[in-house]
Every structure is written in C-alpha cells, then in structure tokens.
Amino acid sequence: MIRKIAVLTSGGDAPGMNACVRAVIRAGLARGIDMYVVYDGLKGLVEGHIEQVNKDFTQDIINRGGTIIRSARLPEFKDPKVSKRAASILQDFEIDALVGIGGDGTFRGLNDLAKNGIKVVGIPGTIDNDVGSTELTIGFSTALNTICECVDKLKDTSGSHQRCSLIEVMGRHCGDLALYAALAEGAEGVICVEHPLKEEVLFRKLRKMKAQNKNHAIIIVSENLLDINELAKKIEDETGFDTRTEVLGRLQRGGSPSAEDRVLAARMGAKSVDIVMSDDPTSKVIGVRGGQIIDLPIAEAVEMKHEHTHGLRDLIDLLQ
Ligand code: F6P
C-alpha cells in the first residue's frame, strides 16, 4: 500500500517544473497520500533534504518560472555507492515512491534508484526537448517562445542597421530549439546537428541577398557546435555583411511557463501518481506520443535516443 510519495526536480531547470510539482502534490493529496518534496534534486536527496508538504505549499506556483524546490547537477550519482545511499535515505523516510522531473541525466539517476528497489516515475522536464522517450518535454514551449521574443527584437535592430545576426540558442546536443525557432522566425539560416553548416552554401546565399538588396539576415545557431564569433568574422570577409553575434544563454530557461507547458505539466504530474498507485510495480517514465500521454518502463526509456524532427529541416529549406 502506497502511503508516502516524494517529488524532486533535477538537472537544468525548466519553466513548468513548478506547475508539475503542484500537480504531483495535489494529485497525491487528493488520494490521501502523504506528500514530500526533496530540495536540490538528486544532490539534496543524497543529503537528506526532504520535507513533508501540504496543499498550501502549492499555492501560486503554477505560473512561476524556475523550480521552488530548486535543482542541481550531481554527476557523482553514477557511482553505485551514491545511488545506494540515496535509496537508503528514501527507505529511512519510509517513502514508497519517488517522482523525478528532469532530463535524461535525471532519468538515468532515477533508473539507478529503481535498481536499488525504489519505485520511481520520471517526468521529462528540460528546455532542450532531447529526451528519447517523449516527443515533448516540459519547458520546451516556453523556451521557444522566449527565443522568438528575443529574435523579434533583434530583427528590428538588424534591419535598421542592415546587419546579419548570428544567434546562439541552447539545446545541448539537440537542434529542436534551433529548428523550431528558425521556422517560427522565418530565419535566413539555421545551423544545428540536424542541419549542419555548409559554409559555401551560406556565403552564396548571403551574397545573393546583398545583390538583391535584402540587407539583413537572421541565422540561428545551436550551442556546442562552433565558435559564432569566428563564423561572424568569416561571413564579413566572404560576403561583406556587417555581422553581430548574440548568445541567448540562460535567459532561455527563465520566465513564466507558457499555457502549453502548464497543461503538459498538469497532465504528466497527475499521471505520475496514477502510475505509483497502480498494481504494476515497474518503474516508469512518462512521455507524449502523437498528442497522447504515454508511459514506458524506465529501463527501456533510458536507452532511447531522441528522434529528431526531420520534417522540419526540409520545411525550413523549402520556405527560405
Ligand atoms: O539542459 C538544459 C541546459 O540549459 C542546456 O541547454 C545547456 O547546455 C545546459 O543546460 C547548461 O547547463 P548549466 O546551466 O548547468 O551550465
């Protein structure tokens, strides 16, 4: 019988994490479960930062960015001694199941806890949308809107000064933020793992634009691929375009979650409690497939690679 459930957020924070914490806590309380939060992610779990909470804890957090139970990265969690210690802390608190909201690193940590006999449920929360077991993660929609707001503003000044703007966005090693932003902004170029840089093609295009008197351009670049300042210099030398670079950085992780992220967080949070309460003892992760909320065993999920949005790449090329 399930009496106590804990929830934590781990890895890079993402807008909508608070809405999801709220949903997990409220869905648990509604079923008469004692609800706990773990502060500071998997790191806090190892340190035993666990507290029982009631409904008041979840008041007025649905619209707040960040995560009120904080987050952290703990690479040492891979060490079997560390995950075993975390499992024994949960057992000391007599917690029957743990719900973890985060990206694939968090899911791997949760899987290690499952191997130590803890029932876990993983909910995908990261702006990167790079989790293999889901088509959509909590935080992606808000981060994309934030990028679009920034690019809209940059377009104004880039147009006024007839410049080329290179804008670096996050995503770790996944190009979804870059591809979606390029499509949403009608950008002149996008560079990401799924749409790699072909220098000559880019330079030719920019020269052609100049020749046709279109004197400003937006190029979206995924992080961790290349040095945008070096590329800007090359663009200037090769095309004559006055070029500036912008790194949007952690601004992309902040802000009030979009309605889409809040609704996704609510659906996934409530589902996590259903999974904990079910008779199936398997530890699971939650995802979205074809618009439906799905779940699958965590051991399987951590082996899955994110399917990139191939269709988008072709669409961007078509519409440029
Ligand atoms: O995973 C979210 C993310 O924002 C990535 O896009 C980025 O590469 C990374 O986190 C940055 O992490 P940190 O803030 O810990 O440096």
Side-chain angles (χ1 to χ4, degrees), residues 8-21 39-46 64-78 100-111 122-151 166-182 184 190-195 220-228 245-258 260-261 264-265 268 285 287 301-302 304-306 308-309:
L8 60 75
T9 51
S10 198
D13 64 347
M17 279 183 162
N18 284 325
C20 194
V21 166
Y39 289 98
D40 305 308
L42 294 171
K43 180 172 176 287
L45 176 58
V46 176
R64 282 176 61 183
T67 161
I68 63 161
I69 53 174
R70 304 189 296 269
S71 191
R73 299 193 192 275
L74 184 67
E76 298 80 4
F77 207 83
K78 282 193 207 102
I101 308 160
D104 47 8
T106 304
F107 282 10
R108 278 191 293 274
L110 293 174
N111 191 34
I123 299 181
T126 163
I127 65 164
D128 299 334
N129 207 38
D130 61 348
V131 177
S133 45
T134 185
E135 289 170 1
L136 193 57
T137 57
I138 296 167
F140 178 71
S141 144
T142 310
L144 180 61
N145 287 340
T146 303
I147 293 170
C148 288
E149 265 174 48
C150 294
V151 176
L166 289 183
I167 303 158
E168 185 181 289
V169 301
M170 280 186 161
R172 200 179 289 273
H173 303 294
C174 172
D176 279 16
L177 278 174
L179 286 169
Y180 277 79
V190 56
I191 303 166
C192 59
V193 182
E194 301 79 4
H195 194 280
I220 312 279
V221 186
S222 244
E223 65 175 350
N224 299 321
L225 275 186
L226 48 83
D227 182 329
I228 54 168
T245 59
E246 320 292 337
V247 177
L248 300 187
R250 287 169 192 77
L251 276 177
Q252 293 160 95
R253 289 219 303 249
S256 181
S258 66
E260 186 182 8
D261 275 330
L264 184 62
M268 289 185 166
V285 299
V302 291
M304 294 169 80
K305 295 263 168 294
H306 181 64
H308 296 293
T309 4

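In each ligand, atom 1 is the first atom listed, and ligand 1 is the first ligand listed.
- At a 4.0 Å heavy-atom cut-off, the residues surrounding ligand 1 are R73, T126, D128, M170, G171, R172, E223, R250, R253, listed by chain and number.
- In terms of the salt bridge (Lys or Arg N to Asp or Glu O under 4.0 Å) criterion, residue partners of D13 (sequence neighbours excluded) are, by chain and number, R253.
- Of the listed residues (D128, T137, D176, D104), just one forms a side-chain hydrogen bond (donor to acceptor under 3.5 Å, both in side chains) with H306, and that residue is D176.
- Side-chain contact annotation: T142 with D261, donor-acceptor N/O pair under 3.5 Å present.
- In this structure, CD1 on I167 lies 13.0 Å from OG on S222, to the nearest 0.5 angstrom.
- In this structure, CE in M17 is found 10.0 Å from CD1 in I123, a value given to the nearest 0.5 Å.
- The main-chain N or O of I68 is found under 3.5 Å from a side-chain atom of N18 such that the two form a donor-acceptor pair.
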